[in-house]
Amino acid sequence: MLKIKNLQANIEDKEILKGINLEINPGEVHAIMGPNGSGKSTLSSVIAGKEEYTMTGGEILFEGEDLSELDPEERAHKGIFLSFQYPVEIPGVSVTNFMKASINAHRKAQGLADMPAKDLLKMIRDKSELLEIDRKFLSRSLNQGFSGGEKKRNEIFQMAMLNPKLAILDETDSGLDIDALKVVANGVNKLRSADNSVLLITHYQRLLDYIVPDFVHVMVDGKIVKSGTKELAYELEERGYDWVKPEKTV
Amino acid sequence: MAYTEDDLKKELETKEYEYGFYTDFKSDTFPIGLNEDIVRAISKKKDEPEWMTNWRLEAFREWEKMIEPEWANVHYKKPDFQAISYYSAPQTVDPNKTLDDVDPDLLAMYKKLGISVDEQKKMNNVAMDIVVDSVSVATTFKKTLGEKGIIFMSISDAIKEHPELVKKYLGTVVPQKDNFYAALNSAVFSDGSFCYIPKGVKCPMELSTYFRINQAGTGQFERTLLVADEGSYVSYLEGCTAPSRDENQLHAAVVELIALDDAEIKYSTVQNWYPGNKEGKGGVYNFVTKRGICEKNAKISWTQVETGSAVTWKYPSCILKGDNSIGEFYSIAVTNNFQQADTGTKMIHLGKNTKSTIISKGISAGKSQNSYRGLVQINSRADNARNFSQCDSLLMGNECGAHTFPYIEVKNKTAQVEHEATTSKIGEDQIFYCNQRGIDTEKAIALIVNGFSKEVLNNLPMEFAVEAQKLLEISLEGSVG
Ligand SMILES: Nc1ncnc2c1ncn2[C@@H]1O[C@H](COP(=O)(O)OP(=O)(O)OP(=O)(O)O)[C@@H](O)[C@H]1O
Ligand SMILES: [Mg+2]
């Protein structure tokens with residue numbers, strides 16, 4: 001589904017990603033862990049197509065297609081979803097209205113007419129129940145005044161609405177209390193199927209108890225320095241990152 | 001006329017100024033220039049009684065002594081008032097017109113404007129008056145309204161048919177010599193709408209006037225007079241368009257609202273005069289005086305969506321004369337390319353327990369300049385007066401400007417005046433967030449702008465709100481690279 005080969009990327013002439021290799025197959029869940037500033041969010045932004053980042057080398061293939069020439073919205077239409085580490089506020093635009101615009105934009109890209117209001121409402125009702133989101137919440141301005149946990153839950157609500165092929169969850173667990181974590185994890189697990197893949201970025205092994213990854217990668221200084229299975233996460237939790245850092249292992 | 005999402009989308013595909021066509025019908029246009037003879041000729045053309053002719057002449061004499069104001073934050077080449085024709089009328093308009101015998105060319109034009117007169121006849125929630133260049137060409141629903149005693153007709157007709165009402169109220173809120181453009185308008189106004197709602201009557205439909213400048217080299221000077229008698233209610237809509245032309249066209253209107261005891265007037269405008277092209281050539285100069293007076297317990301609410309015009313100079317105001325009266329001003333002003341807008345309101349609190357609310361949303365893009373100018377004046381007898389003002393500016397790009405000029409004059413210690421102002425920019429992060437959700441940049445901007453303007457849009461009647469949202473999107477097209 002996603003194939004990243006020797007990806008290098010800069011921001012403002014600063015090299016952040018220094019040759020990433022990663023392959024995610026349909027149905028797989030991958031987790032990326034790594035110290036602050038190692039480039040995890042940068043990787044997710046580059047996959048999603050944020051313009052501020054310049055790809056200086058390598059390639060990103062999504063279902064065999066080179067993504068580098070596609071606008072962020074085109075990548076979204078192809079089924080890439082990013083749950084933001086820091087979701088953005090849009091004053092005056094309700095969650096419902098935003099979702100309507102988003103869903104219809106996706107449908108338009110597929111040559112479909114707008115979703116009938118009735119269907120949209122039903123879907124919103126179902127997905128908000130799944131994620132235990134209060135209805136009142138949906139009429140509030142997007143992310144404005146939301147607590148940290150509410151923002152994250154809202155990201156996963158959007159994911160559930162859009163049913164993407166590849167969901168990248170950038171620290172979606174940060175700021176969630178235990179109950180919320182279970183709800184969100186449940187939402188993600190519901191999406192999992194043989195055709196959908198998930199890329200989790202997290203600092204905490206705890207999330208991985210709920211969403212069990214097939215692979216765990218460790219990113220340090222713009223590179224994936226170690227890959228393994230779920231057990232690697234436990235090891236990291238215990239020992240920290242020092243032992244995987246290149247200068248220590250070399 | 002159910003406006004489906006599809007209609008909306010289809011129309012969104014054509015994003016240049018849509019109303020920039022010119023309709024070629026025979027018109028009766030005066031030679032250019034302005035003097036007492038022209039003023040007399042206009043009056044004569046309209047068959048006006050002598051008092052009206054004299055009223056115009058008084059105004060003209062005052063105007064001659066005045067100079068064009070320069071305090072607004074706008075820069076433009078002053079119009080040559082002697083190079084304009086002050087009267088132009090489609091020739092085929094019959095003074096005793098009904099919709100059925102309107103010139104087919106005119107009807108074709110309405111159609112292009114999206115006004116289907118047939119639909120108008122069927123629809124029963126909007127009665128419409130249409131003013132092309134200088135004259136009113138069609139007023140719909142006269143009969144239905146007549147049954148309730150509501151008078152809704154062109155002001156020219158009203159001068160003849162209801163002189164006592166016109167004489168009693170004309171110029172009482174905006175006197176002839178109020179300001180340069182108001183004086184000019186008083187001298188040469190050619191048409192406009194008159195509306196009277198009798199005591200205790202709630203007008204059963206929206207009243208609407210549609211203004212259109214068609215002829216080249218003409219100015220449009222319409223005059224609207226709206227009287228809501230005691231305990232009555234009316235909602236009034238005003239829309240405007242003009243052909244795209246390289247030269248600037250002048251529009252200097254006067255609107256007077258009178259809300260007697262316990263009456264309520266809601267006045268909404270969607271102003272979409274031609275704004276000039278991307279290089280700043282052409283466009284309408286929109287110099288408008290709008291003011292209302294509230295008697296006891298009365299309420300006037302102005303809502304405006306200003307997307308057009310090259311230069312806008314406009315301050316819909318309320319004189320809160322009666323105790324417990326309420327004034328509201330909700331405004332969205334969008335400027336793009338080289339447009340300049342200096343707009344806002346005046347809330348003059350004279351009575352006790354008067355309340356005013358000002359919500360102004362300025363959106364600037366391109367190289368445009370957008371200024372809010374507002375006066376809140378609490379006079380010495382206005383005990384317990386309250387005002388709340390909120391002025392928000394949204395900037396797109398680095399070459400435009402947003403300015404706020406709030407003037408507050410308080411002469412009574414019991415007054416409560418609150419002013420809030422914010423300036424924000426559409427952030428790249430907001431746009432990327434939308435993009436990531438599949439929404440392209442243009443739609444993302446429209447969404448953000450609509451969200452920003454929501455409090456004002458919510459105040460518009462439904463049909464107008466859709467139109468207004470669409471206009472916002474069109475006006476900002478190409479504003480982010
Ligand atoms: N706009 C920018 N200008 C300069 N440097 C930037 C910019 N954006 C990110 N960086 C730098 O890129 C590096 C990687 O940042 P990134 O956000 O990808 O880290 P991360 O692995 O997601 O960290 P965290 O775990 O704290 O979320 C950091 O050193 C950061 O300071
Ligand atoms: Mg990060």
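First the proteins, then the strands, lettered A, B, ... as listed; each starts at 1.
Of the listed residues (A:Ala105, A:Ser102, A:Pro91), the greatest number of heavy-atom pairs within a distance under 4.5 Å of chain B belongs to A:Ser102.
Side-chain atoms of A:Asn25 and A:Lys3 form no donor-acceptor pair, as typed in the model, at a separation below 3.5 Å. Of the N and O atoms on the side chains of B:Ser368 and B:Thr335, at least one donor lies less than 3.5 Å from an acceptor on the other residue. Remark: the B:Gln304 side chain and the B:Thr343 side chain contain an N/O donor-acceptor pair separated by less than 3.5 Å.
Both the backbone and the side chain of A:Ile80 come within less than 4.5 Å of a heavy atom of chain B. Using a 4.5 Å cut-off between heavy atoms, A:Glu74 does not touch chain B at all. With a 4.5 angstrom heavy-atom cutoff, B:Phe452 touches chain A only via backbone atoms. At a 4.5 Å heavy-atom cutoff, A:Ala109 makes no contact with chain B through either its backbone or its side chain. Proximity to chain B is absent for every atom of A:Tyr86, based on heavy atoms less than 4.5 angstrom apart. Interface residue B:Asp440: backbone and side-chain heavy atoms are both found under 4.5 Å from chain A. For A:Leu162, the part lying under 4.5 angstrom from a heavy atom of chain B is the side chain only. Interface remark: A:Pro87 contributes backbone and side-chain atoms alike to the contact with chain B (heavy atom separation under 4.5 Å). A:Glu89 touches chain B through its backbone: at least one of N, CA, C or O sits under 4.5 Å from a heavy atom, while the side chain does not.
Contact annotation for residues 120-141 of chain A against chain B (heavy-atom separation below 4.5 Å): no residues qualify.
No salt bridge links A:Lys5 with A:Glu23; every basic N to acidic carboxylate O contact stays at or beyond 4.0 Å.
Within the model, atoms CD of A:Glu73 and CD of B:Glu442 stand 11.0 Å from one another, a figure rounded to the nearest 0.5 Å. B:Ser356 contributes atom OG, which lies 12.5 Å from atom CD1 of B:Ile300 (distance to the nearest 0.5 angstrom).
Here B:Lys454 pairs with nothing under the salt bridge (Lys or Arg N to Asp or Glu O under 4.0 Å) rule; sequence neighbours left out.
In this structure, the side chain of B:Gln436 engages the main chain of A:Leu82 through a donor-acceptor pair within 3.5 Å.
If you run side-chain hydrogen bond (donor to acceptor under 3.5 Å, both in side chains) between B:Asp392 and each of B:Thr422, B:Thr423, B:Thr404, only B:Thr422 comes through.
The aromatic ring centres of B:Phe329 and B:Trp302 sit 6.0 Å or more apart. Between A:Phe84 and B:Tyr433, the distance from one ring center to the other falls under 6.0 angstrom.
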